Amino acid sequence: QVHLVESGGGLVQAGGSLRLSCAASGRTFSSYAMGWFRQAPGKEREFVARISWNGGSAYYADSVQGRFTISRDNAKNTVYLQMNSLKPEDAAVYYCAAQYYSGSYYSSTSYDYWGQGTQVTVSS
């Protein structure tokens, strides 16, 4: 079992920045690839970013490429999402997820464990 807890969400104006954190406990954190997804009201959960188990590779949705950066610190059992140049369309509940077995990086069904989410609101 892996327990994930997101934090760092809040209200920010367009063009501003936030850093989200996801703290993990349970099975060995370094064995999991980690992803970030988001879900806006009335919309389907959307892939945002993924990082490999050792931090050696990362993938991003086209909508956040160049603005968001995913990173991890296995010694702290924590994954981060640095969000810069935020836009109103970035507003959503952000979820972190753990993927133990290799699979699709963009599909939520490929992830084994999920956090409760943290709200990000962007004002214009």
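Predicted, not measured: the structure shown is a model, and the values here were computed from it. Here, residue 1 is the first one in the sequence, and each next residue gets the next number.
- Considering only residues two or more places apart in sequence or on other chains, Tyr80 meets the ring pair (Phe, Tyr, Trp, His ring centres under 6.0 Å) condition with none of them.
- The stretch residues 28-85 participates, sequence neighbours left out, in no disulfide bond (SG atoms under 2.5 Å apart) pair at all.
- Atom CD of Gln13 has 12 or fewer neighbouring heavy atoms from other residues, nucleotides or ligands inside a 6.0 Å radius.
- Trp53 belongs to no hydrophobic cluster with other residues, because no ILVMFWY side-chain heavy atom falls under 4.5 Å from its own, directly or through intermediates.
- In this structure, Glu6 contributes its side chain and Gly117 its backbone to a donor-acceptor pair below 3.5 Å.
- For Thr69, the side-chain contact (heavy atoms from CB on, under 4.5 Å) partners are Tyr60, Gln82, not counting sequence neighbours.
- Pairs passing the disulfide bond (SG atoms under 2.5 Å apart) check and including a residue from residues 32-72, sequence neighbours excluded, do not occur.
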Check: residues 87-96 side-chain donor-acceptor pairs under 3.5 Å, at least two apart:
from  : atom 1 : to    : atom 2 : distance (Å)
Asp90 : OD1    : Arg38 : NH1    : 2.9
Asp90 : OD1    : Arg67 : NH2    : 3.1
Asp90 : OD2    : Arg67 : NH1    : 2.8
Asp90 : OD2    : Arg67 : NH2    : 3.4
Asp90 : OD2    : Lys87 : N      : 2.8
Tyr94 : OH     : Arg38 : NH1    : 2.9
Tyr94 : OH     : Asp90 : O      : 2.6

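- By the side-chain contact (heavy atoms from CB on, under 4.5 Å) test, Ser7 is found to be paired with Ser21, residues two or more places apart in sequence or in another chain being considered.
- Asn54 meets the side chain to side chain donor-acceptor pair (under 3.5 Å) test with Ser52; sequence neighbours excluded.
- Residue pairs that meet the salt bridge (charged side-chain N to carboxylate O under 4.0 Å, His left out) test with at least one member in residues 68-81, sequence neighbours left out, do not exist here.
- With sequence neighbours excluded, the residues forming a side-chain contact (heavy atoms from CB on, under 4.5 Å) with Ser107 are Ser104, Thr109, Ser110, listed by chain and number.
- With sequence neighbours excluded, the residues satisfying side-chain contact (heavy atoms from CB on, under 4.5 Å) with Ala98 are Leu4, Tyr32, Met34, Tyr113.
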